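Since the structure comes first, as structure tokens, the remarks are kept for the end.
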Amino acid sequence: MSVTFAYAWFKTNSMNIYNEFEVKIKSLISGLMRDKTLPDTLDTTKVAVEAPRDSAHGDLATNAAMVLCKQSGMNPRALAETLKPEIESITGVEAVDIAGPGFINIRLNSNYYFQILQTILKGDNIFGSSSLGQQKPVNVEYVSANPTGPLTVGHARGAIVGDSLARLLAKAGFAVRKEYYINDAGNQVNVLGESAYLRYREALGEKITIPEGCYPGEYLKEVGEAAKQQEGDQWLDKSDYLPFFREFAVNYLMDEIKSDLHHIGIDFDLFYSEKSAVSNGSVDRALDYLEEKGLLYQGVLEPPKGKKPDDWEPREQTLFRSTDFGDDVDRPIKKSDGTYTYFANDIAHFYDVYQDGYKDLIVVVGADHGGYVRRATSAFQAMTDGEGNFSMPLCAIVTVLNNGKPVRMSKRAGTFITLRDVLDAVGPGVMRFIMLTRQSNQTLEFDYAKALDQSKDNPYFYVQYAHARACSVLKHAKEMFGDFDVNSADLTKLDRSETIGVLKTLSQWPRIVEQAALAREPHRVAFYLQDVASAFHSWWNMGRKDATLRFLIEDDKETSMAHLALVTGVKNVIADALDVIGVEPLNELRGDLKDEVGEAV
RNA sequence: GGUCCCGUAGCUCAACCGGAUAGAGCAACUGCCUUCUAAGCAGUAGGUUGUAGGUUCGAGUCCUACCGGGAUCGCCA
């Protein structure tokens, strides 16, 4: 939240019309303060320019009169009257109205929007890009699934949310580093090694039983087989097989994970190994740092309030003073066997992130990590002397359905739906889009059958259809008019409420980018895409009732060219927004949806 | 029991830093294909934003308590 506040002050270089007018209105107020029309002590920080909820009120609205009325000793309507002529003189303003408790509503003229369209038509993705982030380094960590099995649908959501967020932040002008934290330390990796070794023996013809506590998943057969291919039977009678099989299995599974992720367009800048953080001294360095600051001590934790675990006994251990940074209790750094806790390794990770120059850290995790947020925030604050911005967006679970019927998953039996299963069924584009059709902390239903449905009920299809429809119109236009250049179209032909309405929807894009980036909510891009598609489909249909609104009018090339400019604008913005969420736009939708997207991304 | 997330139309969900009359889609009902892809569009109807207080010019949004659903709770990661 403080992040949002801080960035609001940067004058950003983008086509965000709300920011543009906020800056202009604030400077105009300063002018009035200089010439003593208004008291020169006004604090304009709360002055905002926003979209009126009801578009009938105008294109922009400012609360200036309401937030400044007390300070200036004027009533809001009178203050609004003072501001009105000044605002009217801003370029692009068509009309200014005062409404309700003192809202100042601003209507922009068509020319202003035509200029926006011209920028969109340049087509080099400048429109929508923002300098909001000032190239500030941001480290985005996501997926970070344990390398003990294949990625599941649940991981896929975090992966897609994280990756889209990273792309979004880059679009908003941040210098983003995409990071995968490999949990290759700890007991689970030992279990993995043991399990892999069993499968190796099995591959060599032995009959095995999987003991309680080992991973039963069938996928480990492949690992055992691969180990046999590479190593022969040399590990059969050795007792020190564990280190080798640990590493072999982790590498094998990480390769699979990387390959799966690559298939949905996700590649990382950095893979951070928990194990190496321990072995290369990162953990020690980080803990020394905390020690120096007096943030570590030997102590005994109170038992959890309420229900006491059966085996609870007071124990002295090394604790981190996370309560100094807002946590509820101090957190243990070492287990009773002397090895570090997961949290200690995470602290080391934070330390390294900060040492690499990143004060902004975003970690996308599953909702089951909810209880971890506070201590992680504490740790990052401790590491950065309070200079850091840490956020941990939570992704709620995904329930998988097939035509409304739940698909059962059981981790215990080793049967779960892998990312690859879903990818094979629906393709990467569908998957990425559907995963963003809910706010990430809301549970999401993923229905195989519906994901491939070719109807407006499928948001992916709905949006792609708009893009394909735009492409189709441009193709028809070429047949009708021969080669043409939309850049030379006379845009004043678009001066009708229907077409200006479509253009207004397009003009929202830069603002969506900035708002979504600040809120760390990539799903807003997917929602916006649906708005654009809707505006476009709606316009298309208007042509049925009113021939002058048809995209192509054979005997009116002028208007057709203007329409084609707008159609191209729609196409560009959809393609640009799809790119932000890592989805390839489709030019045609004649065939099967899955086949169409098979090669996308 | 502690902590975190969620609670908005019959269903699934939006709502931009606290702004105006809380918006879409589905389902229901009514229309629109000799026409650029009807795989679509338009319209009607549907609400005490879980409850009760508080903060202020103004609250779905912030604060407190409660109710309901989920997650999590030292030597798992």
Side-chain angles (χ1 to χ4, degrees), chain A residues 1 4-5 8 18 46 48 50-54 57 61 63 66-67 69-70 76 99-103 105 144 146 148 183 185-189 274 301-309 312-313 315 317 319 328-329 331-332 334-339 341-343 345-346 366-374 394 396-397 437-439 441-443 445 453-459 461-462 465-466 468-469 472-477 480 508 511-512 514-516 518-519 521 523-524 527 530-531 534 537-545 547 550-553 560 563 567 588-590 593:
Chain A
M1 272 165 282
T4 309
F5 197 66
Y18 304 89
K46 287 181 119 174
E50 298 182 330
R53 190 160 274 183
D54 185 345
H57 292 134
N63 59 0
M66 290 182 294
V67 296
C69 61
K70 255 188 194 166
F103 281 103
N105 292 328
S144 301
N146 297 341
T148 53
N183 294 124
N187 197 41
Q188 53 171 350
V189 186
E274 182 184 3
L301 281 180
E302 294 287 312
K305 295 195 175 107
K307 232 198 297 186
K308 221 182 210 181
W312 177 270
E313 53 184 59
R315 181 177 293 123
Q317 52 195 338
L319 299 170
D328 310 305
V329 290
R331 303 291 178 172
K334 277 186 184 173
K335 303 180 198 170
S336 55
D337 67 1
T339 60
T341 58
Y342 169 78
F343 183 50
N345 297 345
D346 237 16
D368 55 343
H369 285 63
Y372 197 70
V373 174
R374 214 164 253 186
L394 305 177
I397 54 169
T437 52
R438 292 277 180 276
Q439 203 173 16
N441 56 11
Q442 298 272 354
T443 60
E445 291 188 349
D453 185 25
Q454 305 206 12
S455 81
K456 67 191 169 81
D457 300 342
N458 178 353
F461 174 79
Y462 186 74
Y465 180 35
R469 183 173 249 179
S472 165
V473 169
L474 292 168
K475 207 168 71 189
H476 275 273
M480 193 179 282
Q508 297 294 313
R511 177 177 169 81
I512 299 288
E514 294 183 351
Q515 295 288 339
L518 288 173
E521 291 186 347
H523 76 280
R524 292 190 193 192
F527 279 90
Q530 295 180 66
D531 286 347
S534 172
H537 289 311
S538 179
W539 176 29
W540 194 93
N541 275 272
M542 281 173 206
R544 306 183 154 277
K545 287 193 176 135
R550 288 172 60 83
F551 297 168
L552 304 177
I553 306 165
S560 299
H563 284 168
V567 170
E588 218 175 29
L589 281 177
R590 296 270 176 201
L593 202 52

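Note that the structure is a prediction, hence the values are computed from the model and not measured.
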For this session: Tell me, please, which residues at least two apart from A:R374 pass side chain to side chain contact (heavy atoms under 4.5 Å, CB included).
Result: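 Only A:D327, A:D328 meet the side chain to side chain contact (heavy atoms under 4.5 Å, CB included) criterion with A:R374.
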Exercise. In chain order, what residues pass the side chain to side chain contact (heavy atoms under 4.5 Å, CB included) check against A:Q508, with sequence neighbours excluded?
Worked result: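 By the side chain to side chain contact (heavy atoms under 4.5 Å, CB included) rule, A:Q508 matches A:Y18, A:R511, A:I512, A:Y528.
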For this session: Rounded to whole angstrom, note down the P distance from B:G23 over to B:C73.
Result: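 My reading of the P atoms in B:G23 and B:C73 gives 42 Å.
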Problem set entry | Set of side-chain hydrogen bond (donor to acceptor under 3.5 Å, both in side chains) partners for A:N105, sequence neighbours left out |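 Expected list: none.
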For this session: Would you please name every residue forming a side-chain hydrogen bond (donor to acceptor under 3.5 Å, both in side chains) with A:N146, sequence neighbours left out?
Result: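 Scan of A:N146 (side-chain hydrogen bond (donor to acceptor under 3.5 Å, both in side chains), adjacent residues dropped) gives A:Q188.
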Residue list, salt bridge (charged side-chain N to carboxylate O under 4.0 Å, His left out) with [X], at least two apart or on another chain:
{"X": "A:R469", "answer": "none"}
{"X": "A:E50", "answer": "none"}
{"X": "A:R550", "answer": "none"}

Exercise. Can you name the residues that form a ring pair (Phe, Tyr, Trp, His ring centres under 6.0 Å) with A:H523, not counting sequence neighbours?
Worked result: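 With sequence neighbours excluded, A:H523 shows a ring pair (Phe, Tyr, Trp, His ring centres under 6.0 Å) to A:F527, given in chain and number order.
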Problem set entry | Partners meeting ring pair (Phe, Tyr, Trp, His ring centres under 6.0 Å) with A:F103 (sequence neighbours left out) |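 If we apply the ring pair (Phe, Tyr, Trp, His ring centres under 6.0 Å) test to A:F103, skipping adjacent residues, there are no hits.
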For this session: Look at the side chain of A:H537 and the backbone N and O of A:Y462, then say whether any donor-acceptor pair between them is shorter than 3.5 Å.
Result: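 Yes: the side chain of A:H537 pairs with the backbone of A:Y462.
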Exercise. A:P332 side chain: which of B:A77, B:G74, B:C36 is closest?
Worked result: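 Nearest to the side-chain atoms of A:P332, counting from C-beta on, is B:G74.
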Exercise. Which whole-number value in Å describes the distance from A:L518 CG to B:C17 P?
Worked result: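 That distance rounds to 8 Å.
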Exercise. Looking at B:C36, does its base get a donor-acceptor pair with the side chain of A:R469 below 3.5 Å?
Worked result: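 Checked by distance alone, the answer is no.
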Exercise. Is any side-chain N or O of A:R438 under 3.5 Å from a base N or O of B:U12, one able to act as donor and the other as acceptor?
Worked result: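 Side chain to base: no pair below 3.5 Å.
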Exercise. Dot-bracket for RNA chain B, 5' to 3', with Watson-Crick and G-U pairs under 3.5 Å, [ ] for crossing pairs and | for other-strand pairs: what is it?
Worked result: (((((((..((((.....[...)))).(((((.......))))).....(((((..]....))))))))))))....
Exercise. Nucleotide by nucleotide, 5' to 3', does protein get under 4.0 Å of the base (B), only the sugar-phosphate (S), or neither (-) in nucleotides 19-32 of chain B, counting heavy atoms?
Worked result: BB----SS------
N/O contacts under 3.5 Å, protein versus nucleotides 3-10 of chain B?
unit_1, atom_1, unit_2, atom_2, d
B:C4, OP1, A:R374, NH2, 2.9

